[in-house]
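Every chain is numbered from 1, with letters handed out A, B, ... down the list of sequences.
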2 protein chains.
Amino acid sequence: MSNKRTKNQEQILKLINNNSEEMSAQNLHFQIQQHGLRIGLATVYRTLKLLKIEGEIQERVTPDGESFYSTINSVYHHYHHLNCVNCGKSYPMNICPLSQKITDWCHSQKFKVYYHTLEFFGLCAACQDQDIASECLSAN
Amino acid sequence: MSNKRTKNQEQILKLINNNSEEMSAQNLHFQIQQHGLRIGLATVYRTLKLLKIEGEIQERVTPDGESFYSTINSVYHHYHHLNCVNCGKSYPMNICPLSQKITDWCHSQKFKVYYHTLEFFGLCAACQDQDIASECLSAN
DNA sequence: CTGAAAGTGATAATCATTCTCATAATACAG
DNA sequence: CTGTATTATGAGAATGATTATCACTTTCAG
């Protein structure tokens, strides 16, 4: 295992670990520049790919295709969401209904589980009170 | 509710309902042309957005940002996966560990649940036996 | 009819992500 | 050390799915 990281990679991992919010690659690159560091965008993406494979960080892909990254080790980030398919808002739910039994089963499949995602999709209360279907395409 | 659909919209919904595989918008557009129909790509996307809001279809976003659509009503499609963060393969798991209790809780939140996704991420058996981290960036 | 509203398709624009490639840093054998 | 092979890096181009634009059709209520 090549478990030795470069300075750039360490910086990026530290930034993710120290941040309480999940971050996109673009956002991460911007913050790096704010800190006066000079790490190219390509390196950010390469490092995220590496850290992901090493099981250090987790990835959440939003419906519009952008990826957000956060540390796996923080309990704080183990959230699932109720996602409105209309307005796109995500409502975090601070419970995880997965029993230990299921986790064990996954491991028994010879699959090494780093983390899991559980997302619910539907309409939030606000959007249920609208004639959303007719508004859906009108923006065009 | 504008529950009346156009011919194009009906064709697209029918195609999704009749297909046992989940399909991307691009793939869907290609198949439409194969059937001799002339529906523009923009209309395909607009219709998918509409059907999604109406709760007719479900969307799964892959880590590389592409969306795949399938009918909600088919039991066949209610699958969760073990996703390898290295090779990208998805291994379907034909169980759903979510209890009815959780589903009820979601509804109690005034959130109208259309469907949910549950995905596990980690390393598959094959990838656990490789020096993946060192290979990760070498392709570049 | 008829005219406003909604739907459509060709194409351009967007934008996160990946690729390219020349250069810089690092590792390492002799 | 010292040269050399390997890996990492960054600037910018390329990619490709998705979205926006806009002129043209279709729908349908009155």
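- Whole-Å rounding puts the B:Arg38 CZ to D:dT25 P distance at 17 Å.
- Between C:dG7, D:dT18, C:dT17, one nucleotide has an atom nearer to the side chain of A:Leu41 than all others, and that is C:dT17.
- Using a 4.0 Å cut-off, no side-chain N or O of B:Asn8 falls inside it from OP1 or OP2 of C:dG7.
- Atom CD1 in B:Ile12 sits roughly 8 Å away from atom P in C:dT8 (whole-Å rounding).
- Contact check, A:Tyr45 against C:dT18: no side-chain N or O comes under 4.0 Å of OP1 or OP2.
- Summarising the geometry, the separation between CG on A:Leu50 and P on D:dA8 is reported as 8 Å, rounded to the nearest angstrom.
- For the pair B:Ile16 and B:Leu48, the minimum side-chain heavy-atom distance is below 4.5 Å.
- Side-chain nitrogen and oxygen atoms of B:Ser67 include none within less than 4.0 Å of the OP1 or OP2 phosphate oxygen of D:dA17.
- Atom NE2 in A:His29 sits about 13 Å away from atom P in D:dT9, given to the nearest Å.
- Toward the 5' end of DNA chain D, the nearer of the two residues B:Lys7 and B:Ala25, judged by each one's closest nucleotide, is B:Ala25.
- For A:Arg46 and C:dC21, the CZ to P distance is 14 Å, given to the nearest whole Å.
- Side-chain contact check for B:His35 versus B:Leu15: some heavy-atom pair is nearer than 4.5 Å.
- Checking the phosphate oxygens (OP1, OP2) of D:dC28, a side-chain nitrogen or oxygen of B:Lys4 falls inside 4.0 Å.
- Side chain of B:His29 to backbone of B:Ala42: no donor-acceptor contact under 3.5 angstrom is found.
- In the hydrophobic cluster analysis, where Ile, Leu, Val, Met, Phe, Trp and Tyr join through side-chain heavy atoms closer than 4.5 angstrom, A:Met23 is grouped together with A:Leu37.
- Atom CG in B:Leu48 sits about 15 Å away from atom P in C:dG7, given to the nearest Å.
- Contact between the side-chain N/O atoms of A:Thr43 and the OP1/OP2 oxygens of D:dG10 is found at a separation under 4.0 Å.
- Nearest nucleotide to the side chain of B:Thr6, out of C:dT8, C:dT17, D:dG12: C:dT8.
- Counting to the nearest Å, the P atom of D:dT18 and the CG atom of B:Leu28 are 11 Å from each other.
- Rounded to whole Å, the distance from CD on B:Gln11 to P on C:dG9 is 11 Å.
- Counting only heavy atoms from C-beta outward, the side chains of A:Arg5 and A:Glu54 approach each other to under 4.5 Å.
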